[in-house]
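Reviewing the structure listed below.
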Amino acid sequence: VKALAQIKGAGRLVVADQSNYWLGTVDSDWNKAGNWVSGVPTEALPGVIRKTGTYSVEVNESPTAFAGDLTMKSASGLATLAISAPIVFTNSTVEVGANAKISVAANGRLDYVSPTCAVDAYLDSFRIHDGGELASAGTVNATNLHGRIILEDGGKLTVTGGTFFAVPPLGTKNSSAIYADNSFVTIKDAAVFTGNGCQDGTGKQKSDFYSGNGSVTEIGGTANLRLNQWFWGKVFGTGGHTVSDSAQVWGHKYIRGHFT
């Protein structure tokens with residue numbers, strides 16, 4: 001025990017919130033320290049974007065921005081992390097919740113590397129839920145190591161151009177690079193989604209893409225869904241999977257699901 005507090009009578013002990021919140025008091029630039037409570041997020045300094053209202057936090061300049069953990073959600077409006085320059089999340093957990101969106105423009109790039117954990121486990125380290133959205137027309141590289149991108153409870157993944165590359169977690173459990181549960185996935189226009197799943201020597205299946213439990217997956221335009229391992233589509237409730245226009249789905253091993 002390093003400290004002891006004694007409170008008598010009507011005294012109060014107040015623990016201050018030390019989170020590094022987005023303030024936006026200078027402008028909309030991610031890279032300006034005055035826009036944050038404790039300075040620009042780094043690998044060692046998490047960022048929290050939860051200010052109410054409709055606004056953008058912009059990553060739009062070089063050099064590359066480096067960040068650790070990021071939490072985005074708001075009680076109202078729409079908070080958008082607008083990426084039109086490179087940003088790298090290393091050893092990070094990212095959460096995009098209600099009234100929040102990460103948007104990668106055609107000239108933007110998002111690189112993501114998850115934290116590590118025990119070899120027989122994996123982390124839901126990039127979580128999109130409750131209507132939150134990850135939308136990309138640029139470049140997204142998700143080297144998950146021991147984490148995965150999970151969409152649940154109305155989370156959205158929308159890829160309308162550029163390239164989206166995802167690797168499922170290592171380890172001894174069945175897992176997926178993208179796991180959609182009661183959520184919405186749209187891959188269209190000229191987008192290219194590449195999953196680099198593999199049998200990692202453990203004998204467990206590593207799917208590139210799982211979509212089920214009422215999820216809706218739409219692949220259209222001239223999009224390409226290129227999977228080294230699996231597309232695993234389970235349809236429950238009102239969910240479904242559609243491929244339209246000139247879109248193509250390629251599976252090196254298996255494509256299991258119901259497409260229309």
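Please read these numbers as outputs of a predicted model, since none were measured by experiment. For this chain, numbers begin at 1 and follow the sequence in order.
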How long is the straight-line distance from [atom2] of [Y] back to [atom1] of [X], given to the nearest 0.5 Å?
X    : Y    : atom1 : atom2 : answer
T139 : I83  : OG1   : CD1   : 11.5 Å
R50  : S74  : CZ    : OG    : 9.5 Å
T163 : N224 : OG1   : CG    : 12.0 Å
T80  : E133 : OG1   : CD    : 9.0 Å
N60  : D29  : CG    : CG    : 5.5 Å

Task: CA sep, side-chain torsions, deciding dist, call: R109, I87, side chain to side chain contact (heavy atoms under 4.5 Å, CB included) - done: CA-CA 6 Å; R109 180 185 179 98; I87 186 169; over 6 Å; no
Task: S38/L45 under side chain to side chain contact (heavy atoms under 4.5 Å, CB included): CA gap, chis, key distance, verdict - done: CA-CA 8 Å; S38 303; L45 180 63; 4.3 Å; yes
Is there a side-chain contact between [X] and [Y] (heavy atoms, below 4.5 Å)?
X    : Y    : answer
M72  : I102 : yes
V94  : R127 : no
L81  : V59  : yes
Y55  : W22  : yes
I49  : L70  : yes
K51  : Y21  : no
F193 : I178 : yes

Grab the two heavy atoms, one from [X] and one from [Y], that are nearest each other, plus how far apart they are.
X    : Y    : value
N20  : P46  : CB-O, 3.1 Å
A191 : G161 : CB-N, 3.5 Å
A190 : T222 : CA-OG1, 3.5 Å
A75  : T52  : CB-CG2, 3.9 Å
S56  : S28  : O-CB, 3.3 Å
F184 : L151 : O-CD2, 4.1 Å

Open item on the list: Run the side chain to side chain contact (heavy atoms under 4.5 Å, CB included) test on K188 and V159 for me, step by step, so that the C-alpha distance in whole Å, both residues' side-chain angles and the decisive distance to 0.1 Å come before the verdict.
Closed with: CA-CA 6 Å; K188 63 179 183 179; V159 185; over 6 Å; no
- [ ] May I ask you to list the residues sharing a hydrophobic cluster with V88, side-chain cutoff 4.5 Å, ordered by chain and number?
- [x]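 F66, listed by chain and number.
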- [ ] Compute the centroid of each ring, for W36 and then for W30, and state whether the two points are separated by less than 6.0 Å.
- [x]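 Centroid distance W36-W30: below 6.0 Å, so yes.
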Indicate yes or no for a side-chain donor-acceptor contact from [X] to the backbone of [Y] under 3.5 Å, with no hydrogens or angles considered.
X    : Y    : value
T42  : A44  : yes
S136 : G138 : yes
S92  : G68  : yes
T93  : D69  : no
T25  : L23  : no
D153 : D130 : no

Open item on the list: Heavy-atom count check: over 12 atoms from other residues, nucleotides or ligands less than 6.0 Å from K73 NZ?
Closed with: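 For K73, atom NZ is not crowded (no more than 12 foreign heavy atoms under 6.0 Å).
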Less than 3.5 Å apart, any donor N or O on the side chain of [X] or [Y] sitting next to an acceptor on the other?
X    : Y    : result
E58  : S84  : no
Y112 : S125 : yes
N35  : D27  : yes

Open item on the list: By the definition side-chain contact (heavy atoms from CB on, under 4.5 Å), identify the one residue from I187, V104, L110, I149 that meets it with F164.
Closed with: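 For F164, the side-chain contact (heavy atoms from CB on, under 4.5 Å) test succeeds with only one of I187, V104, L110, I149, which is I149.
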TODO: Decide side chain to side chain contact (heavy atoms under 4.5 Å, CB included) for L78 and K101; before the verdict, give the C-alpha distance in whole Å, the side-chain angles of both, and the deciding distance to 0.1 Å.
DONE: CA-CA 7 Å; L78 178 63; K101 178 179 181 179; 4.2 Å; yes
